Colleague: 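Got a structure for you, written out below as structure tokens; questions coming shortly.
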2 protein chains.
Amino acid sequence: MYRKNGKTYHCSVEAALDVIGGKWKPLILWKLGDGVMRFSELQKALPGVNAKMLTKQLRELEEDGIILRTVYPEVPPRVEYSITGFGMTLIPVLEALCEWGSKYLGTGCNEDQDDK
Amino acid sequence: MYRKNGKTYHCSVEAALDVIGGKWKPLILWKLGDGVMRFSELQKALPGVNAKMLTKQLRELEEDGIILRTVYPEVPPRVEYSITGFGMTLIPVLEALCEWGSKYLGTGCNEDQDDK
DNA sequence: CTGAATCCATACGGATACTG
DNA sequence: CAGTATCCGTATGGATTCAG
């Protein structure tokens, strides 16, 4: 039994799933693994997501220390998202999930990895 | 874009999370990784779960080919659950998640692994 | 013993309109 | 550009009761 941020987990796997389990989070991390992106770029890169959902998932990842949000005080505003060092430790885990998921789906890994 | 069982996935990671993302699924798989268990044993081993939830998660895992459900036509009824060969391929993935989750929580891996 | 049925609360995901 | 505010439908998780 573990506690973190007021949440209770029965095992550490549950905690990990809580961090990456959001509907768009794996995709966001995959994209950010390739480099810094701004909000509008992410929105274009994730077909089907809307601003509210994207914002929410990004905020949660930020609170968990996985990504970094940098606001540039310009007009028009510019906000850039990048993966943190701690967030990078998630990439191998995502790759393991991707590999297994591909087996499950009976297909190869998808194009979202591109140059990875 | 992938499809399986009428569901649409944006990436294979999403599909994998769909299989193991249930609230009790990681724990169930962890337990079954150590050997066959019957319904009541699982219920005792998973503090806080109720029959409905346990049944639901077990059925989903069964439909995904991860576990096997064996009914013995006795009185009183006996039902045993075991992990399939395909399900075993998930164990390393769960271990990766556990390891990362422990790092995230700032603790060691939990007792649910016991003799693993 | 192993569930199925019912009812319920909340969380999650999303469409749309609006703002500094 | 990068969100926020509002509203809404559905899914998820759970307590309780009943049944073969």
Side-chain angles (χ1 to χ4, degrees), chain A residues 1 5-11 13-15 17-28 31-32 36-64 67-82, chain B residues 1 5-11 13-15 17-28 31-32 36-64 67-82:
Chain A
M1 202 89 141
N5 304 333
K7 291 179 180 179
T8 303
Y9 302 110
H10 302 90
C11 68
V13 175
E14 197 182 349
L17 290 175
D18 210 30
V19 173
I20 60 172
K23 182 159 185 189
W24 304 98
K25 288 179 184 178
L27 247 4
I28 292 171
K31 295 291 177 186
L32 291 185
V36 176
M37 291 182 84
R38 39 196 305 193
F39 188 86
S40 55
E41 288 176 323
L42 279 169
Q43 198 165 13
K44 260 179 290 184
L46 274 47
V49 75
N50 63 32
K52 174 190 159 185
M53 282 312 303
L54 183 54
T55 300
K56 195 188 170 207
Q57 307 265 302
L58 288 169
R59 289 290 192 283
E60 289 174 3
L61 288 171
E62 189 192 359
E63 278 167 27
D64 288 331
I67 66 171
L68 190 67
R69 178 171 179 264
T70 310
V71 182
Y72 295 89
E74 307 170 350
V75 175
R78 180 161 59 103
V79 180
E80 287 186 348
Y81 294 90
S82 57
Chain B
M1 202 88 142
N5 303 334
K7 292 178 180 179
T8 303
Y9 301 111
H10 303 91
C11 67
V13 174
E14 197 181 349
L17 290 175
D18 211 30
V19 173
I20 60 171
K23 183 159 185 186
W24 304 98
K25 289 180 184 177
L27 247 5
I28 292 171
K31 296 289 177 186
L32 291 185
V36 176
M37 292 182 84
R38 41 193 303 193
F39 188 85
S40 55
E41 287 176 322
L42 279 168
Q43 199 165 14
K44 260 178 291 185
L46 274 46
V49 76
N50 62 33
K52 174 191 160 184
M53 282 312 302
L54 183 53
T55 301
K56 195 188 170 208
Q57 307 266 301
L58 288 169
R59 289 288 191 287
E60 289 173 2
L61 288 170
E62 189 191 359
E63 279 168 26
D64 289 331
I67 66 171
L68 190 67
R69 179 172 179 263
T70 311
V71 183
Y72 296 88
E74 308 170 349
V75 175
R78 180 161 58 104
V79 180
E80 287 185 347
Y81 295 90
S82 57

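Remember, predicted model here, so these are calculated numbers, not experimental data. Numbers restart at 1 for each chain; the letters A, B, ... are given by sequence-line order, proteins then strands.
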Colleague: Do B:F39 and B:L54 have side-chain heavy atoms sitting under 4.5 Å apart?
Modeller: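 Counting from C-beta outward, B:F39 and B:L54 do come under 4.5 Å.
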Colleague: Measure CG/A:N50 against P/D:dC7 and give the value in whole Å, please.
Modeller: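 Checked: the CG to P distance equals 17 Å.
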Colleague: Return the value, rounded to whole Å, for the distance between atom CD of A:E80 and atom P of D:dG3.
Modeller: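 Taking atom P of D:dG3 as the reference, CD of A:E80 is at 12 Å.
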Colleague: B:E62 has an atom CD; how far is it from atom P of C:dT2, in whole Å?
Modeller: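 Going from B:E62 (CD) to C:dT2 (P), I get 15 Å.
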Colleague: What is the distance from atom CG of A:L46 to atom NE2 of B:H10, rounded to the nearest 0.5 Å?
Modeller: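 Reported to 0.5 Å precision, the distance equals 8.0 Å.
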Colleague: May I have the distance from A:Q43 (atom CD) to D:dA2 (atom C1'), rounded to whole angstrom?
Modeller: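 To the nearest whole Å, that distance equals 9 Å.
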Colleague: Mind checking B:Y81 for me? I need base, sugar-phosphate or nothing, with any heavy atom below 4.0 Å counting as a touch.
Modeller: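 Sugar-phosphate only.
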Colleague: With respect to the side chain of B:S40, which nucleotide from C:dC1, D:dA2, C:dA15 is positioned closest?
Modeller: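 Between C:dC1, D:dA2, C:dA15, the one nearest the side chain of B:S40 would be C:dC1.
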Colleague: Got a second to check how far B:I67's CD1 is from B:L58's CG, nearest 0.5 Å?
Modeller: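 Going from the CD1 atom of B:I67 to the CG atom of B:L58 covers 4.5 Å.
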Colleague: Taking atom NZ of B:K25 and atom NZ of B:K56, what is their separation to the nearest 0.5 Å?
Modeller: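 One gets 8.0 Å once the value is rounded to the nearest 0.5 Å.
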Colleague: Would a distance-only check, ignoring hydrogens and angles, find a side-chain to backbone donor-acceptor pair under 3.5 Å from A:E41 to A:M37?
Modeller: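 Between the backbone of A:M37 and the side chain of A:E41 there is no qualifying donor-acceptor contact (under 3.5 Å).
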Colleague: Mind calculating the distance between CG (B:L58) and C1' (D:dG13) to the nearest angstrom?
Modeller: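 Between C1' of D:dG13 and CG of B:L58: 15 Å.
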Colleague: Would you mind reading off the distance between B:L54 atom CG and C:dG3 atom C1', rounded to a whole angstrom?
Modeller: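 It works out to 10 Å between those atoms.
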Colleague: Do B:V49 and B:L42 have side chains that approach each other closer than 4.5 Å (heavy atoms only, starting at C-beta)?
Modeller: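 In short, these two side chains do not touch, never coming nearer than 4.5 Å.
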Colleague: Just how far, in rounded Å, is P of D:dT12 from CG of B:L17?
Modeller: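 These atoms are roughly 14 Å apart.
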Colleague: D:dC1 phosphate, OP1 or OP2: any side-chain N/O from A:R38 under 4.0 angstrom?
Modeller: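 The answer is no; no side-chain N or O of A:R38 sits under 4.0 Å from OP1 or OP2.
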Colleague: B:K25 NZ to D:dG13 P: how many Å, rounded?
Modeller: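 Taking atom P of D:dG13 as the reference, NZ of B:K25 is at 8 Å.
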Colleague: Along nucleotides 4-13 of chain C, 5' to 3', which nucleotides get a B, which get an S, and which get a -, given that the test is a protein heavy-atom distance under 4.0 Å?
Modeller: S-BB-----B
Colleague: State, to 0.1 Å, how close A:Q57 and A:W24 come at their nearest heavy-atom pair, and which atoms those are.
Modeller: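 Between these two residues, the closest heavy atoms are OE1-N, 3.1 Å.
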